[in-house]
Amino acid sequence: MMDAFLFVGLPYLSLLLFVVGCIWRARREKFTLSARSSQFLEDRQLLFGSTPWHIGIGVVLLGHIMAGFLPKVWSSLLTVPGALLVVESVGVACSLLAIVGLSVLLVRRLTSGKVQAVTTPADLVVVGLLLAQVVVGLLSAVHYRYGAAWSTGTVVPYFWSLVKLEPDMTYVSGFPPLFKLHLTLAWVIILLVPFTRLIHLLALPLQYLWRSPILVLWNNARRRREAVVAVARAETRREFLKGAAGVAGAGGLLALGVMEKGVNYFRGPQPDPEVEAALLSKKLQRLQQTAEERELELERQRNEMILVARYSELTENKGKYFIDYAMAPALAFKDKDGLPLLISAKCTHLGCTVGSEVDSQGRILCPCHVSYFDLRTGRPNEGAPAKAPLRHIHWALVDSTGKVVARKAPGKPLEGTVDPATLAQCSVYIVKPRSNAA
Ligand code: FES
């Protein structure tokens, strides 16, 4: 219940009052939008308080704004080795600077009689709240380190859930009390902006960059001359500031571009997680397939002979495909003399599988680039893309009792005897090549 108020009710109340209050103040009291400078009452302590405070809080706020509005760029930046450490260190240093500056400003408000005269209770409340907020933020950063990184997955989505009017406080409801206090104080401070001197946040004097200097005319000739010189100087200063702002802007954009390139360089390509998962899955499939093929090959290598077909299945005109010891396609035929004829079906041109049909000239065709191979010699036809012959394969005939009755190695005479009467019961095997058998 309390969380719902602090992280849903209070933020909306603060944002509503901030918008309505700022519009009201800009319309009704537009001459009070500045911080109502007290510099002319006391400037020494102001210098040592205001300068470190504004530099410190400016850098810290810039980090918060970057993380909130450019979370992807911010997260990418933090992936650069060492960047997180640098960001955290700068954040802590700037928080300390802001605390020192704000403490000096608080002491000034409480001790300088002249400043006290223009100090309202609201001023003291604002300074006290700001001091508490920076101290709590610093303690959170030290206790729960690397908030610059983890906040993009918690506080930033919480903030955007509020902006989208789909508040999701679960992002922050589990936070430790110190961090909850930091968040709550932030909403309270935002709520107070329109009603206190914090309104000067919206009144940065940027118009000084393009507004013409005000010319003060004196009745005195010497003062008039001095005023003209002063105006000329002011004009020059203004032009310089404009140029410097332009260069700083361009430099900032350039730095952002370079930073992004640098981040991408160190991070490397970032493929889509789904595409990456699909690629990995395909790779895994290929590896499994390769492993299965390798296993099959090893299994085959363990056997001295591998069954190709029953002799009765072989014909002269159409070969029977099988896989040889090298895991390449091969064809088994019945030769004209009735014996088996086994030949590689891996084309010697570019490796296509040769067709199994025998043409009228006793040739088989590789259809890829049209090479005819003579079945008996293995040689390609004249002018064919393939230049080397298909190799014949060592075979063995095994009878129904498992006995090898005949075998023939390429280019060697037939070993054993073939009985035409029992041939039909025999099976044809390929024999392990000698080099593998050794
Ligand atoms: S691959 Fe067989 S002819 Fe080219």
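Both backbone and side-chain heavy atoms feed into the values below; hydrogens, waters and symmetry mates do not. Keep in mind it's a predicted model, so treat the numbers as computed, not measured.
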Next item on the list: Quick one: do Ile99 and Leu131 satisfy side-chain contact (heavy atoms from CB on, under 4.5 Å)? Show the steps, please.
Entry: CA-CA 6 Å; Ile99 290 169; Leu131 190 56; 4.1 Å; yes

Notebook entry, point to check: Mind checking whether Trp24 and Phe195 have parallel, tilted or perpendicular rings, split at 30° and 60°?
Noted result: tilted

Notebook entry, point to check: Just by distance, do the side chain of Glu88 and the backbone of Gly147 share a donor-acceptor pair under 3.5 Å?
Noted result: yes

Next item on the list: Kindly indicate whether the side chain of Leu307, heavy atoms from C-beta on, has any atom under 4.5 Å from the side chain of Ile430.
Entry: no

Next item on the list: State, yes or no, whether a side-chain contact exists between Tyr372 and Ile364 at a heavy-atom distance under 4.5 Å.
Entry: no

Item checked: Leu15 vs Leu191, side-chain contact (heavy atoms from CB on, under 4.5 Å): CA-CA, chis, key distance, verdict -> CA-CA 7 Å; Leu15 291 171; Leu191 183 151; over 6 Å; no

Notebook entry, point to check: Hey, what do you get for OG1 (Thr119) to CZ (Arg197), rounding to the nearest 0.5 Å?
Noted result: 7.0 Å

Next item on the list: Taking the side chain as every heavy atom from C-beta outward, state whether Val156 and Tyr171 have any pair of such atoms under 4.5 Å apart.
Entry: no

Next item on the list: May I have the step-by-step check of side-chain contact (heavy atoms from CB on, under 4.5 Å) for Asp3 and Lys180, ending in yes or no?
Entry: CA-CA 9 Å; Asp3 279 354; Lys180 283 183 171 176; 3.3 Å; yes

Item checked: Interatomic spacing from CG in Leu130 to CG in Leu106 - rounded to 0.5 Å -> 10.5 Å

Check: Side chains of Val188 and Leu10: closer than 4.5 Å at any heavy-atom pair?
Finding: yes

Checklist line | Exam field: side chain Tyr158 to backbone Phe7, donor-acceptor pair closer than 3.5 Å | finding: yes

Notebook entry, point to check: Run the side-chain contact (heavy atoms from CB on, under 4.5 Å) check on Ile189 and Leu198 step by step: do they pass?
Noted result: CA-CA 9 Å; Ile189 290 169; Leu198 285 175; 3.8 Å; yes

Notebook entry, point to check: Has the side chain of His392 got a donor or acceptor atom that lies under 3.5 Å from a matching backbone atom of Leu375?
Noted result: yes

Notebook entry, point to check: Less than 4.5 Å apart, any side-chain heavy atom of Leu110 and any of Leu124?
Noted result: yes

Item checked: Backbone of Gly378 reached by a side-chain donor or acceptor of Arg391 within 3.5 Å -> no

Margin query: Quick check against the 3.5 Å criterion: does Tyr325 have a side-chain atom that pairs as donor or acceptor with the backbone of Val431?
Written below: no

Note to self: How about NE2 on His54, more than 12 heavy atoms from neighbouring residues, nucleotides or ligands closer than 6.0 Å, or not?
What the structure shows: yes

Next item on the list: Take atom NZ of Lys283 as the centre, draw a 6.0 Å sphere, and report whether it contains more than 12 heavy atoms from other residues, nucleotides or ligands.
Entry: no

Check: Per the side chain to side chain contact (heavy atoms under 4.5 Å, CB included) rule, which among Val308, Asp324, Ile343 passes with Ile393?
Finding: Asp324

Item checked: Check: Ser95 side chain, Gly91 main-chain N or O, donor-acceptor pair, under 3.5 Å -> yes

Checklist line | Among Leu192, Leu6, Leu162, the one residue meeting side chain to side chain contact (heavy atoms under 4.5 Å, CB included) with Trp187 | finding: Leu162

Next item on the list: Without swapping roles, check the side chain of Trp53 against the backbone of Ser103 for a donor-acceptor pair under 3.5 Å.
Entry: no

Note to self: Is there a disulfide between Cys366 and Cys347 in this structure (defined here as SG atoms under 2.5 Å apart)?
What the structure shows: no

Next item on the list: Using atom types as modelled and distance alone, determine if a side-chain donor or acceptor of His182 lies under 3.5 Å from a backbone N or O of Leu178.
Entry: no

Margin query: Can you confirm whether Pro157 sits close enough to Asp168 that some side-chain heavy atom of one is under 4.5 Å from a side-chain heavy atom of the other?
Written below: no

Check: Is atom NE2 of His349 surrounded by more than 12 heavy atoms (other residues, nucleotides or ligands) closer than 6.0 Å?
Finding: yes

Notebook entry, point to check: Quick check: does any side chain N or O of Lys318 sit under 3.5 Å from a backbone N or O of Ser356, one acting as donor and the other as acceptor?
Noted result: no

Check: Okay, side chain of Trp395, backbone of Pro340: is any donor-acceptor separation there less than 3.5 Å?
Finding: yes

Notebook entry, point to check: Is Lys334 paired with Glu316 through a side-chain N to carboxylate O contact shorter than 4.0 Å?
Noted result: no

